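Encoded as C-alpha cells, the structure appears first; notes follow it.
Worth saying up front: this structure is predicted, and the values here are computed from it rather than measured.
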Amino acid sequence: MKLSIRAGLGVALAAALSLGLTACGGDSPSDDPTGGADSASIVVATETIDHLTPGNHYSAYIAILSLFTPLTSLTQDEQLEYQQAESVTSDDGITWTIKLRSGWTFHNGEPVTSDSYIDSWNYLAYGPNAWVNSGQLRGVVGFDEMQGDNPTTKTLSGLNKVDDLTFTVQLKTADRQFPFQLSDGQTGLYPLPKAAFEDLEAYDQFPIGNGPFQMATAWTSDSSDIVVKAYPDYKGTKPALEQITFRPYQDTNTAYTDVLAGNIDVAAVASGKNAIAQQELGDRLHTLDAPGVDLLGFNPNDPRFADVRVRQAFSMAIDRAAINQAIFSNSQIPATSLTSSSMPGDPAGVCGRYCEFDPAGAKALLAEAGGLTGQVVLLYVGGWGQEDLFQAYANQLRQNLELDVVATPATDFAEFQERLQSGDYALNRARWGALYPSQQDTLHSLYTAAGDGNFAAGGYHNDEVDALLAQADAADTIEASFAIYRQVQERILADFPVIPTFGNRYLWACSERIDQVPSAAGTVYFARLTLK
Amino acid sequence: MATALRWGKRLGGLAIVFLGVTFIIYLAVFALPGDPIRAFAGDRPISDSVVATLRAKYHLDDPLWRQYLDYLLGLFQGDLGTTFNGRPVADQLAARWPVTITLALTAWVLEIVFGLGLGVVAALKRGSLVDHGLLAVTVLASCVPIFVLGVLSQQVFGVKLGWLPVAGVRSGWPVSYILPASIIAVFGLSAVSRLMRGAMVENLGADYVRTVRAQGFGEGRIVGLHVMRNSLIPASTYLATDLGYLLGGSVIIEGIFNLPGVGNLLFESIRSHEGPTVVGIATALIVVFLLTSVLVDAIHALLDPRVRRG
C-alpha cells in the first residue's frame, strides 16, 4: 500500500531546467481548493521531508527549489542560463571565476556575496559535518584533505575570494561541465547566509534563502505543512504564485485521491497509475521528462554472465515497448542509450540492436555463447509498488530465453544492498537520477569505480572509459563534449555491463486551476508555474 | 502490608518485562540486514566519509550490548534518543500521540456504543431475523481488508459526496476522525457485539434472573440493572485490551488517511532501521499496555464483586 515516491517517481535528484511547458487544457471555471482565501495560493503534496538545509537534505528538493536560486540553470532549449551568477568563466577548465549579480539579498536582507558561497561550501565539504550532499564538491581542490575523522583544515583550498561578488574555484582536473554542476539539482552548492551558521538547527526549521519564496512560518515537525510566500525583494523573475503550502503525505495514493477531491493542486502520481490517472484527470495529468534512467545490473561474480553475449542476449529478450504499455501505460521512454532522452546530447540509439526486442536473435546469441544453466534471480526492492514490473521482466526473460528466471524482492533497500554485497543474486534493479543536466553525472556515477551508483552497475570500471570521460569533461565546447560522451557510451556498451531499460518521466496530477507546468528535471518548478 | 508486597512484586515484574521487551526489540532492529545509513540514502549519492561519520554519530559500529546499554543510560536520564533526521524521539512522540489517542478513543467509543448496543439488541431478539442479520453484517464488514474499506470510504465520502475530508487532521475533531475511526471500529464491532450477545443470552436464562423475575420486577429493570451489568464482563475485558492495541496506532489507517500518528512513526522507523526510535515508541506502548491491564483489573472489580473480595 505504501508507495515510496522513490520508486516510480524517482528521487528528486534533479537537474535540468528544461522548461518543458505542457499546456493544461480544460476551460471549466476554476475551482479554488484553498477556499478562496488567496487565489494565487496553492497546496502541493510532497513525500515526507527530512531536512530543509540544502546541503543536508534528501527529500526536500520540491520545497528547497522555491526557497533558493541556483547559480545557473538550463533554459527550455537546453542552453545554460545564469541565475544568481552573472558569469561563470574559465580559460583552462581548471580555474573557474564565478561573478555574482549585485544587489541580490537573502530573505533576511543580508546581501548575497562570495562569502555566502565560500562559507557554505567550506561547511559542506568538511567531512565531520557529514552533510549528505557534500559529494557535490568532490571535484574541488582541497576536498579530500577535509575528509576523515580529524581533518587538518576546515577550508577548501580551491576556493579564493577575489572581491565581494567574485570568487574562483580550482578543480582537480579540467572540467568544462562545471557550470552545469552549479544548476538547480546540486542543492548543496546553494549559498547560505551568515545567520545559518549561528544556529543550524533553527535554520533547518526556518531556512533563509536567496530564492523567489521565503518561509512563512517555521517548519516544526516532519508531519506539518511547509508554507512559503513570495519574497517581495526578489531580484529574479517574479513568480506568479503568492503562496505555496507543501503538505507531506505518507502515501502517494492518498495525495492523488485528495487531488480528485479538490483539496490538493499538485501531486506526484506513481508511473504505474498512468492509465487510471489519464482516465480520471484527462489533461490535468502532466508528464515531465526527468533525467533518470532505469537499468538492470548483473552480478559481476556470477561466471554465467562473464560472456558479453549473454548480457546482450538478456537485453534483447526484453520487450521494452510491451512493458511500457502494460505496466506504465506508455508513460516511460524505452531506453536506447545509457542516458535519458531528455539529457542534453543524449546519443539516442547508441545501444543499437542490443536494446531492441529480438527474441530469436537473443536466443541465438545466448546459444552462441554456450547457453546458461541454473536459476537466475532478479533482485529488486519490495514495497515500492514495483512487483508487476519485475515480474514482467522475469516472465519475458523466462519465455524468450527459455530459462528459469525468478523475480525476488528484498524486504527493503538495506537488505537489497546487503544482498548485492553478498552476491546472492544474478540480476539487480538499478536506477540513477542525474543531479545536473550533463551526461557526466550519470556516466561517472554508474560506470567509474569512484561513482556513488557504481555498486548498482556491478562495480563496472574500465581504464579506457575513465580516459574518455576525462577527455569529454575537458572538451572545450558543449558540442565537442557531446561527441566524446557518445564515444564513452559506445565504449561502455561494448562491455555491456548493464541492461538499459527506461528513461524516466514523472507524472503529476493537477487541479483545474493550474495552467502551465514548467519542469525542473521532472519536478514541478513552482517559481514559474502559472494559474488560469 | 500484604497489599504493599503484592504491588512491590507487581512492579518488579513490570521492570523485568520492560527490560526484556526493550532488549528483544533492540535485538530485532539490530538484526535487520543492511546498513541503515546507506539505506537512508538509497539511490541517492552518499560518500563513504559521510556514511562513516553518521555511523559513528549513531553508534552503529558499537556492539549490540553497548548500544543497548547506552540507550538505557540515556533513558534513565529522560533521553529517548534522536532519529536519523536529528529530531528528538520524545518530541516526535509528543507531536504524534495526540493524533493517535484521539483516533483510538474515537474508535473505542464507537465500538462501545455500537458494539454493546448491537449485542443487546441481538440478545433480546435472539433467533430473529434482526439477530441473524446483525451477525451477517458485522462479520462480513470485518472480513473486508482494512485498506479496501479505507480507500473505498475516501472515494465515496471524500471525493464523490464531498462530506468529509479525504485525509489529514486539519479539520480537527470530530470531522477529520469520523472516517478513519469508523473503519477501525468496524473491526472491533463484531467481536464486542458477539461477546455481549453471548453473555446476555446466558444471563437471561440464569437462575438469578428467574428469581428476580419471580419477584415481579419489570423486564426493563431486569435487563438494565441485572443482566446487562453482569454481561458486561467479557466485552469489557475485550474492550480494555483493544484500547491498548488502538493506542499503539494503526499503521494502515494512519497511512491511508495521512494521520501523523504513532503507528506511522513506528512503521517508518522500522523501515529505516532506527533502533532508538523503535524502542522509544515500543517503550511508550508497553507502558500503555501495562496501564490498560491495570484498567482491566479495575473494571472487573467494579463489575464483579467476587474479584474485589478475592
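- Other residues, nucleotides and ligands place no more than 12 heavy atoms under 6.0 Å from the CZ atom of Arg66(B).
- Both the backbone and the side chain of Asp258(A) come within less than 4.5 Å of a heavy atom of chain B.
- A 6.0 Å sphere centred on OH of Tyr245(B) holds no more than 12 heavy atoms belonging to other residues, nucleotides or ligands.
- Using the six-membered ring where Trp is involved, Trp163(B) and Phe157(B) have ring planes that are tilted, between 30° and 60° apart.
- With a 4.5 Å cut-off on non-hydrogen atoms, Ser134(A) touches chain B through its side chain but not through its backbone.
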Kindly indicate, with the supporting measurements, whether the criterion side-chain contact (heavy atoms from CB on, under 4.5 Å) is fulfilled by Gln181(A) and Gln440(A).
-> CA-CA 10 Å; Gln181(A) 295 173 17; Gln440(A) 182 186 50; 2.9 Å; yes

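- Residue Arg38(B) touches chain A through both its backbone and its side chain, counting heavy-atom pairs closer than 4.5 Å.
- The candidate with the highest count of non-hydrogen atom pairs below 4.5 Å against chain B, out of Arg138(A), Gln417(A), Gln147(A), is Gln417(A).
- A distance-only check finds no donor-acceptor pair linking the side chain of Thr106(B) to the backbone of Ala181(B) [under 3.5 Å].
- In terms of heavy-atom pairs under 4.5 Å with chain A, the best-connected choice from Ile37(B), Asp35(B), Thr53(B) is Thr53(B).
- Proximity to chain A is absent for every atom of Leu32(B), based on heavy atoms less than 4.5 angstrom apart.
- Within the 4.5 angstrom heavy-atom criterion, no atom of Ala52(B) approaches chain A.
- Checked against the 6.0 Å centroid threshold, Tyr68(B) and Tyr71(B) do not count as a close aromatic pair.
- Between the side chain of Asp265(A) and the main chain of Val43(A), a donor-acceptor pair closer than 3.5 Å is present.
- Every residue meeting the ring pair (Phe, Tyr, Trp, His ring centres under 6.0 Å) condition with Tyr58(B), not counting sequence neighbours, appears here in chain and number order: Phe84(B).
- Options Gly135(A), Ala430(A), Ser221(A) differ in how many heavy-atom pairs under 4.5 Å they form with chain B, and the most are formed by Ser221(A).
- Of all the listed residues (Asp204(A), Thr411(A), Asp225(A), Thr220(A)), the one sharing the greatest number of non-hydrogen pairs under 4.5 Å with chain B is Thr220(A).
- If you tally non-hydrogen atom pairs under 4.5 Å between each of Val251(B), Leu259(B), Thr83(B), Asp91(B) and chain A, the highest count goes to Leu259(B).
- The parts of Asn258(B) that come within reach of chain A are both its backbone and its side chain, each placing non-hydrogen atoms under 4.5 angstrom from that chain.
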